[in-house]
K.L.:
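Have a look at this one before I ask anything.
Every heavy atom of this structure was used, including side-chain atoms; hydrogens, water molecules and symmetry mates were not. Within every chain, numbering begins at 1; the chains are lettered A, B, ... in the order of the sequence lines, protein sequences first and strands thereafter. For clarity, every value in this text was computed on a predicted model and none was experimentally measured.
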Amino acid sequence: MAIKTFIVVLLSLALLSCGIFFMTPFPANLALTEKVADLRKVVNDIPGECEDCYYLHFLNGYLFLVIQDSQLIILDADLNVLKDYTNESAYGSLGFYNPGTAEYSIGFRQLDSVFVDTGTPSSLDNNGHGYYDPVVLKGRALRSWDDTLETVEYPPWVTLDSVPGTIPYELQLRGLTFDPLSNLVYLFFGYDWHDDDGAEVIQVLNTTISTGLSALGFYPFGSPIIYLDGVDARTSYFTRDGFVGLSEGVFRKFDLAGNEESTLRGGRIRRQAAAFDIDGTRFFYYDGDAKKIYRCSTWWE
Amino acid sequence: MTDIRGGEDLRLWSFFLNLYPIDNWSQCIYGENMFSTQGFVLSMQKLVVLIVLFLIPGYGLSAEESPLRSACLFFQTNFSENIRQDIYRDVIRDSLVVELKLAGFRLVPETEWQEIRKSEGIRDEDLVRGPVAVRLAKAVGADIAVAGFIRIEDRKVLLGVKSYDIATGRLSFSLLKEGFTGLQVYSLINDASLELIPRLSVSTEPLLKTAVTVQEEIIVKDLFCRHETVELGKEIQITLLSRDEGAEVYLAGQKYIGSIENGALSFTAKADTRLILTARKPGYHDYKRELSLKDRDKEIRLPALKPQIHNALELEYSSFQFLGFGAAYRRFIAPDKVFLRAENYFFLSYPFLNPGTKPVFHNDLEAQIGIYIFTRPGSLFRLGISTGAGIILTKLAVPSPFFMDLYWNIVDVSFELNLKKLSFYFKEEVKFTLGIGNNLLGVGMIENFGPIFTLGVMWKWQ
């Protein structure tokens, strides 16, 4: 009798926790890795717990890894370190490449084609998110604070829009991706205090942004909201195969309607950053806990 | 010369040789000139002397036989002014020797104590002093010391004799007598002997046997103490039945009452009592049971003794390590209680349902020390805790170095279903990676929305 009871209890636990038994304590991207580089000797230590301290931009075939707004590491696609800059509060979430000027705008700094700091600081807020508009040959950045959404264009640096009351207070712009093929800008919004509660994606025409978002009224500016459940808006990305969202230990792939298609589960990585090739064929992933950077293939067909 | 009573007797004869020239004496013995008148008269005198001489030693024959004690005779002192009268000292000394022997004493040879006397610078006249005589006699292991002197003035002989008990150092006898020189000296000797010898025999006689017996009895009675315990109550028969052949059974864990033979052990006990039985067998855990006995014979079947487990082999499966399995070996350093454990868990990270993925190989090596708590070896369910350290080696399918994640297994809590040869367990582990070296997990807990759970099975043997 005791043995039977024990077996029943075990089976119950097994059924209830079968999902747990398929996880791995290691990063979910390990099985997708094409190449890995150890950056322990390069990346500076960050004091304390800082989960929003890394940004990774894949621009013009190069990687730009920003560490806590103060360190910039530039790598090629084979993960070889090309440059390592340390400049207090000089860098941030903003990162885009202007092929017209062959310059990279990373936070407050401008870098030339060989990644030399031009010495010309950007007037854009380093916590904004930017892209290059190939139609008008301009760089464009957006940022939000409180209920205000601001758009800026460069060159020259011109504020296109900055209107309070545009977005809900608790919702903030966490990222954006511009698809030059569709001319759509995908804006990723997330809530301040619910990191993994999901992302809300608004797709807006590039021309609308250049006109001024405030002309469209209040969020979501007349566009349907695409909900991405269970991901962090700060690590949500657009690919032409669909949206990708990362949270601690989970990589989720959604279709363009926001329906979850596949999931990759791994160890909980609290400090991470990723950059996806817009074609959806590969991505780059930085594990801030182990200071490793990976080049990975994507996990969907 | 015919030896009449040993060599010492020759000394007596020497007296007469001095009185009667040797040539005359030999003539007397060997019958030369025997039948001359002068020779005959002299021979008769000698015969009388011989008879007298026999009488004197004959006194000793009547002495009661007694155990041989040793005696030292110090009779070297002659206070006479004429040293030629030393012959009287010698005669008296020789007589005393005979007397002491007849009294059952063994005389310490003079050569023995003379050596010591010379080495210590003791003079002959010092030997009449009690402390000196006792010390010298004690040095040669004698039981008594007899010391004496003579002084001859004109025709008078002054004889002084003292005896000492060496064991106590006490003066046991003393006398001072006067006599006359010539043959009358023997009267003096005789008188002195009559007084001395009995006193010596009394003072040195062994203790009466009855006295010794009394003493012994007292000692024996003091050393032995017998206690007899009389148990009251009715005796009943207890029969223990067991399959553990040869198991020893004890009462209260200490008093051995017997071993199981042919499956049983019978013994008697008092009715209406409580017994604590312990069954013990090498390689098995003790079995203890308290019995309440009634007023009738009792038959008790003992359960099989639980074997002491020293080794175990495990197979296990853990969450977060789906594609793989672990094997471990346990060595119990305290049977069924404290163990050392070595584990190897090999697993893959390989979400093969997703295209484009490649296997990642992991090997987890861990060493632990653990203990069972709150539960006994025979319990159906057991609770164990352990701690340890390990390393996870990782190798990607693409060219890359080995990654090593060192960790500390903070605590491992296991809940077991403890069967005879098998145990099934469910455990929860809390592991903390140290972030040392070329690692993949950094510093922090190994978890995926919760601790690591493991199911396992364990084979146990002695």
K.L.:
For each of B:Pro359, B:Ala397, B:Pro401, B:Gly442, tally heavy-atom pairs with chain A at distances under 4.5 Å, and name the one with the top tally.
P.N.:
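Ranked by contacts with chain A, first place is B:Gly442.
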K.L.:
Tell me, out of B:Gly435, B:Gly437, B:Ser400, who's got the most heavy-atom pairs with chain A below 4.5 Å.
P.N.:
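Among B:Gly435, B:Gly437, B:Ser400, the one with the most close pairs to chain A is B:Gly437.
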K.L.:
Between B:Asp364 and B:Lys431, is the closest basic N to carboxylate O distance under 4.0 Å?
P.N.:
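So B:Lys431 pairs with B:Asp364 through a salt bridge.
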K.L.:
Heavy-atom cut-off 4.5 Å, strictly under: side chain, backbone, both or neither for B:Leu348 against chain A?
P.N.:
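B:Leu348 has no heavy atom closer than 4.5 Å to chain A.
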K.L.:
With a 4.5 angstrom heavy-atom cut-off, could you sort out which part of A:Trp299 is near chain B: side chain, backbone, both or neither?
P.N.:
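Both parts, backbone and side chain.
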K.L.:
Select, from A:Ser297, A:Ala290, A:Cys296, the one with the greatest count of heavy-atom pairs under 4.5 Å involving chain B.
P.N.:
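Counting heavy-atom pairs under 4.5 Å, the top option is A:Ala290.
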K.L.:
Checking side-chain polar atoms at under 3.5 Å, does B:Asn311 have a donor or acceptor matched by the opposite partner on B:Arg330?
P.N.:
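B:Asn311 vs B:Arg330: no donor-acceptor pair found between side chains.
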K.L.:
Determine the minimum heavy-atom distance between B:Asp244 and B:Leu305, stating which atoms define it.
P.N.:
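Heavy atoms of B:Asp244 and B:Leu305 come nearest at OD2-N, 2.9 Å.
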K.L.:
Between A:Lys291 and A:Asp45, does any side-chain N to carboxylate O distance fall below 4.0 Å?
P.N.:
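A salt bridge is present here (some side-chain N lies under 4.0 Å from a carboxylate O).
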K.L.:
For B:Leu440, is it the side chain, the backbone, both, or neither that has a heavy atom closer than 4.5 Å to a heavy atom of chain A?
P.N.:
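For B:Leu440, the contact with chain A is made by backbone and side chain together.
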K.L.:
With a 4.5 angstrom heavy-atom cut-off, which part of A:Leu264 approaches chain B: side chain, backbone, both or neither?
P.N.:
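Answer is side chain: those atoms of A:Leu264 sit under 4.5 Å from chain B.
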K.L.:
Relative to chain A, which segment of B:Asp405 carries a heavy atom at a distance below 4.5 Å: side chain, backbone, both, or neither?
P.N.:
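When you check distances to chain A, only side chain atoms of B:Asp405 fall under 4.5 Å.
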K.L.:
State plainly whether the residues A:Lys35 and A:Asp78 are in salt-bridge range, i.e. N to O under 4.0 Å.
P.N.:
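Looking at A:Asp78 together with A:Lys35, the answer is no, because their closest N to O distance does not fall below 4.0 Å.
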K.L.:
Are A:Glu261 and A:Lys253 within salt-bridge range, i.e. N to O under 4.0 Å?
P.N.:
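Salt bridge present between A:Glu261 and A:Lys253.
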K.L.:
Looking only at the side chains, is there a donor atom on one of B:Tyr345 and B:Glu343 sitting less than 3.5 Å from an acceptor on the other?
P.N.:
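Judged by distance alone, the side chains do not pair up.
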K.L.:
Of the backbone (N, CA, C, O) and the side chain (C-beta and beyond), which part of B:Thr394 lies under 4.5 Å from a heavy atom of chain A, both, or neither?
P.N.:
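Side chain only.
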